[in-house]
Amino acid sequence: MTVSREKPFYFNPPWNILFDFNRLNKISPWQVKISFLLTSFLEEMEKRGEIDFRASGVALDSSAFIYLMKSKLLLKLEEPPAPRPVIKDIVPPPLFLPLRHELTSTTIEHLLQVLEEVIKGERLFVHKIKMEPILPQPSEVLPEIDRYLMEIQKQMENLYFRLKGVLREKRVIGFSEIVSKAERLEIIRTFILLLFLAQQGRINLWQEEEFGEIFITLAEENVIEGNGASF
Amino acid sequence: MKETEQVSEQNLKKEELEKLTLIEAALYVAGRPLDLKTLSSVLKTRSKRKVRRLARILAEEYAKRVTALEILELEDGRFVMQLKAEYTPKVRRIATRPLVPAGPLRTLSYIAYRQPITQKQVVEVRGSHAYKHIKQLEDLGLISKEKAGKNTILRTTTFFADYFGLSHDLKTMKKQLKTLFETLSSQSSMKVGGGER
Amino acid sequence: MKETEQVSEQNLKKEELEKLTLIEAALYVAGRPLDLKTLSSVLKTRSKRKVRRLARILAEEYAKRVTALEILELEDGRFVMQLKAEYTPKVRRIATRPLVPAGPLRTLSYIAYRQPITQKQVVEVRGSHAYKHIKQLEDLGLISKEKAGKNTILRTTTFFADYFGLSHDLKTMKKQLKTLFETLSSQSSMKVGGGER
């Protein structure tokens, strides 16, 4: 990689003309071969792997400016100059660099050491993918939900039936009474089912004080909406 | 070496001597095993038998001479010029240039381990610099590209296998890499962990 | 080569022969010119004179043999093993390392031939592509740029001279280059500038 202290390659000829607006204003636009400049500029940038959008933008802007100048001159009916004659001189045949065998220092250990780092990176990448929200396939998940909902409905009916039996004798019962013999998990389940029943307006729930007993009464028959849960 | 044993430089015609040096030139600059087809193309001849005969004479000449180099005929019929094994430890430290810089080497290791793999996947894991690496690795003959519909499939070449002394058969090569990789990682994790396992 | 001319493998003691092959091994592995200090360290000796004598014997052995390889002693006393230039075009495509294309190498020839020369003149003769060539050649360390007022003066580096086994003295180098170009153009005719590149 190039040292960051170096000025960017495009400040050197032939590309520098694209980045020197003062000069650009003074020169004859016919001297500038835009397609060559832009192609080689892109090639060089790609080769270096230093993609600089600002520089590209400036280069594009300058090219447009040069085109504009050319168009203006053409409108003034100024003939583009004849291409500069290439100066003839003897060019000797290419000097092919002598071929030398060279043992390179990379061993399979080097290859595997760097592989370790890459595989770590790959794991991170795969992990990232998994964290993206993935919508579950409906065909697989919906029956599950159905079964769960059906189960709740069934449990709710059971509980309601039980409550009706108990509340035939007394109008009010405390939550602690109906779960007095139940396990912890069962208590939680019962509580959730009570919430569902109250939400449907089939029972009333209330507390007289925070963290106090939860009282349960049956709602009036036929009253489906109205004062459901009140706590 | 077989029936060619009697033949020596003296018995060869000038034209054949010239061919012998051409094979030598090819093996020297290649630095990797060359098959008879490649050698034939250098000699501009079609007769592989003839090329094999000449390459064997050259190998024999080298064997007779006091030299650090050897020319070997491999089992698959290819020929290679290399440093005799006993000299390697004595001069290895002189070799300082890596095969490829660290970045491309990482990309190469990943391709080798996961091949055949799409270019897209390599770029996803290694970042957009990987395009440049892939180009470099291809120029060096370490990997090859192949179009498959919209995808570009990457895999390592026989040159890669030869360079690292791995099998040409993809399945075997991947097994070799996996085994070596696991050995290496268990060694390095032991080093990090410190304690014995 | 000088007073060592009489010496041949036969006259050498076994120990010296072993040292000869060690130098050969080092030069083969290096792929670049090695100085006497490095060669001495390989031979585990301190006498550079002795090392130079042995390296010269080796170079001479190579020169006498019918072979595609050569060992050269450079002006600064370093030694290098390489393929003889006449074999390069024939096996160039087999070489594994990325090669410099012919275009930039023609620009290099021209610079070497006319140096010191302004960048402007090179571009006038070789066309605007020469800017890219000049950059490439500079990156490879084969030419150097120097500002002189408004002009940029180009010349070849000592690395260039060493690479081609040429003199560091500009006058001598140009003479050597002329001969070299004449040999090369007998293989392919000299091109007049501006044409293909």
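On a predicted model such as this, the values are computed, not experimentally measured, just so you know. Atoms considered below: every heavy atom in the structure, side chains included; atoms not considered: hydrogens, waters and symmetry mates.
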Response to the item:
Honestly, the part of B/Leu22 sitting under 4.5 Å from a heavy atom of chain C is both
Worksheet item: To the nearest 0.5 Å, how far apart are CD in C/Gln82 and OH in B/Tyr28?
Response: 7.5 Å
Discussion item. Could you check whether any side-chain heavy atom of C/Leu20 comes within less than 4.5 Å of a side-chain heavy atom of B/Val66, counting everything from C-beta outward?
Written reply: no
Discussion item. Tell me every residue that passes side-chain hydrogen bond (donor to acceptor under 3.5 Å, both in side chains) with C/Thr156, counting only those two or more places apart in sequence or in another chain.
Written reply: C/Gln115
Discussion item. Check this for me: B/Lys120, atom NZ, are more than 12 non-hydrogen atoms of other residues, nucleotides or ligands nearer than 6.0 Å?
Written reply: no
Practice prompt. Answer yes or no: are there more than 12 heavy-atom neighbours, outside C/Lys145 itself, under 6.0 Å from its atom NZ?
Written response: yes
Item to complete: Flag yes if more than 12 heavy atoms outside C/Glu15 fall under 6.0 Å of its CD atom; otherwise flag no.
Response: no
Worksheet item: How far does CG of C/Leu27 sit from CD1 of B/Ile94, to the nearest 0.5 angstrom?
Response: 8.0 Å
Discussion item. Let me confirm one number: the OG1-CG distance from C/Thr21 to B/Leu83, rounded to the nearest 0.5 Å.
Written reply: 10.0 Å
Item to complete: Could you tell me which of B/Arg32, B/Glu24, B/Lys90 has the largest number of non-hydrogen atom pairs under 4.5 Å with chain C?
Response: B/Glu24
Discussion item. What residues of residues 40-49 of chain B make heavy-atom contacts with chain C at a cutoff under 4.5 angstrom?
Written reply: B/Ser41, B/Val42
Practice prompt. Please look at B/Tyr163 and chain C and tell me whether the side chain, the backbone, both or neither of the residue comes under 4.5 angstrom of a heavy atom of that chain.
Written response: neither
Fill in: Neighbour count above 12 (heavy atom, 6.0 Å) for C/Lys84 NZ
yes
